K.L.:
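Quick one: the structure is below, and I'll ask about it shortly.
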Amino acid sequence: MTIRLYNTLTRKLEEFKPLEPGKMGFYTCGPTVYHYTHLGNLRTFLHNDFLKRMFLANGYDVRHVMNITDVGHLTNDEDDSGEDKMEKGAARDNKSVWDIAKFYKGEFLRDFNDLNMIAPTVMPHATDYIAEQIELVQKLEKLGYTYEIPNDGIYYDTSKFAAYGALTGGSLSGNRAGARVGFNDAKRNPSDFALWKYSPKDTKRQMEWDSPWGVGFPGWHAECSAMSMKLLGDHFDIHTGGEDLSRVHHANEIAQSEPITGAPWVNTWLHYSFLLDKSGEKMAKSKGEFLGMDAVRNRGYDPMVYRYFVAMGHYQSQLAFSWETMDATAKSYANLTRRVADLLTAENEDINTEVYNKWHNDMLGAMSDNLKTASVLILVQEFLKSADINNATKLALVRFADELLGLQFIDRAKKLVALENEAAPAEIMALAQRRADAKAARDWAMADTLRAEIDAAGWTILDSKDGYKIVKKA
Ligand code: AMP
Ligand code: ZN
């Protein structure tokens with residue numbers, strides 16, 4: 001099937017052409033593990049997962065590299081100044097930088113699994129690729145792209161790279177570090193960036209390494225160029241990240257890589273739009289207050305509800321988060337799961353292949369057309385409602401939708417049926433009967449009190465036209 005994606009580099013919706021037939025290699029800028037991953041970061045990773053699932057469903061052999069940034073990332077990324085985020089996080093948590101990296105990586109992976117994302121093929125840590133980063137800087141030095149700022153570090157001279165800022169359509173003006181307070185005026189150009197930073201003379205950093213230039217640590221951008229080239233080769237298909245990365249981080253990655261590999265380094269650049277918080281601003285770790293999966297879990301939502309919420313939006317549009325929308329999403333997810341639960345008994349019945357193929361192709365077509373996840377969900381709602389499709393065919397189509405969107409409808413439907421089949425204990429049955437009697441006597445207050453009691457005991461009473469049903473709460 002034809003695959004079309006919006007390429008930031010060309011600002012066009014383009015037909016995807018793999019470098020090698022049947023294969024797709026892509027690199028994702030992974031999390032910086034100095035704090036919990038927030039729902040915005042996870043939105044970006046979820047869109048990646050949709051991308052990967054779309055390629056897998058189209059029969060591609062996918063190689064996915066996502067790094068873990070555990071070093072050398074300053075609070076003012078754009079001008080290489082400020083504190084090291086890892087050291088700052090370590091001081092906040094009263095732990096070593098190595099310990100917080102391990103801890104927050106573990107938390108990230110828990111969220112990643114809870115959200116049913118497919119594990120990357122390789123997940124390299126920046127600290128395991130210091131030698132490769134040093135080698136990258138040496139190559140750039142040899143090619144004449146670097147200069148030293150004494151007592152500071154080795155910098156990249158962006159004026160030497162004619163195509164600088166191509167991703168955002170603008171030469172040196174792409175990076176506006178010069179407009180910021182605290183601009184390092186020893187730089188030759190505002191957009192120049194650190195390749196290697198020296199450790200301060202008077203303090204010992206927890207993470208530092210020897211290098212040909214002195215003890216220090218790599219600039220943030222170096223890791224992604226070094227690791228992607230090592231693990232995906234000099235020319236690969238797709239590079240992804242949040243929309244904030246295109247202007248500086250990715251512009252710098254290109255500037256570091258293309259003089260070495262020769263252009264083009266990456267064919268398609270994909271950028272995912274922000275998740276906004278309730279004040280309409282980008283959800284950000286640096287704000288100190290942000291929502292993560294703990295907030296979602298603690299409020300009793302299935303992580304699939306957040307995944308569904310993200311799938312309802314498109315990656316090129318910003319999305320505003322609110323608990324009200326999460327409630328509405330939880331209801332839709334529960335309704336769909338309930339419908340799927342009614343199909344489970346059709347497991348061994350005959351599928352209508354013609355009907356199946358039509359809907360299958362419609363879903364894959366929507367997904368392949370620039371990742372229209374919401375359109376796939378609309379198709380799911382349509383075929384579930386249709387009176388012309390048999391249950392076995394519907395169930396097979398839900399299975400395919402699960403492959404594409406990873407929303408685990410079948411798994412959750414099975415769990416729902418198991419809960420529904422669990423018999424309520426005698427005291428709950430007795431309460432339910434008393435409630436039915438109260439209703440018959442039109443004693444609504446008593447009926448409500450009894451419902452609340454049943455609810456508090458962990459059961460839900462569902463009224464139906466032929467009486468009622470008691471089901472265990474999920
Ligand atoms: P970080 O851990 O800060 O390096 O970010 C990990 C990924 O999340 C990067 O691709 C960022 O561009 C992305 N990201 C950061 N904030 C948001 C947000 N509010 N919405 C969507 N993606 C984001
Ligand atoms: Zn990166």
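Fair warning: this is a prediction, and the values are worked out from it, not measured in the lab. In each ligand, atom 1 is the first atom listed, and ligand 1 is the first ligand listed. Residues take their numbers from the sequence shown, with the count starting at 1.
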K.L.:
Between Tyr104 and Pro31, is there a donor-acceptor pair closer than 3.5 Å when you use the side chain of the first and the backbone of the second?
P.N.:
no
K.L.:
Is Thr69 near ligand 1, meaning one of its heavy atoms is under 4.0 Å from it?
P.N.:
no
K.L.:
For ligand 1, which is the ligand I care about here, please tell me if Gly242 has any N or O atom under 3.5 Å from one of the ligand's N or O atoms.
P.N.:
yes
K.L.:
Below the 3.5 angstrom mark, is there an N/O of Thr32, backbone or side chain, next to an N/O of ligand 1?
P.N.:
yes
K.L.:
Determine whether more than 12 heavy atoms belonging to other residues, nucleotides or ligands lie under 6.0 Å from atom NZ of Lys278.
P.N.:
no
K.L.:
Assess whether a salt bridge exists between Asp114 and Arg307, defined as any Lys/Arg side-chain N lying under 4.0 Å from an Asp/Glu carboxylate O.
P.N.:
no
K.L.:
Vertex the Zn ion (ligand 2): angle to NE2 of His249 and SG of Cys224, to 10°?
P.N.:
110°
K.L.:
Step through it carefully: locate the ring centre of Phe108, locate the ring centre of Tyr36, and say whether they are under 6.0 Å apart.
P.N.:
no
K.L.:
Should Asp294 and Arg110 count as an ion pair when the cut-off is N to O under 4.0 Å?
P.N.:
yes
K.L.:
Below 6.0 angstrom between ring centroids: does that apply to Phe321 and Trp323?
P.N.:
yes
K.L.:
Compare Arg43, Gln318, His47, His38 and give the one whose heavy atom is closest to atom 17 (C) of ligand 1.
P.N.:
His38
K.L.:
In ligand 1, which numbered atoms sit nearer than 4.0 Å to a non-hydrogen atom of Gly241?
P.N.:
10 (O)
K.L.:
Which atoms of ligand 1 sit under 4.0 Å from any heavy atom of Gly30?
P.N.:
4 (O), 6 (C)
K.L.:
Give yes if a backbone or side-chain nitrogen or oxygen of Asn41 is under 3.5 Å from a nitrogen or oxygen of ligand 1, and no if not.
P.N.:
yes
K.L.:
Against heavy atoms of Thr44, which atoms of ligand 1 measure under 4.0 Å?
P.N.:
10 (O), 13 (C), 21 (C), 22 (N), 23 (C)
K.L.:
Atom 21 (C) of ligand 1: which of Gly40, Ser246, Cys29, Pro31 has the nearest heavy atom?
P.N.:
Gly40
K.L.:
At the Zn ion (ligand 2), what's the angle from Glu253 OE2 to Cys29 SG, rounded to 10 degrees?
P.N.:
90°
K.L.:
Quick check: Leu245 and ligand 1, any N/O pair under 3.5 Å apart?
P.N.:
no
K.L.:
Ion pair present between Asp411 and Lys414, side-chain N to carboxylate O less than 4.0 angstrom?
P.N.:
no
K.L.:
Is the distance from the ring center of Phe193 to that of His221 below 6.0 Å?
P.N.:
yes
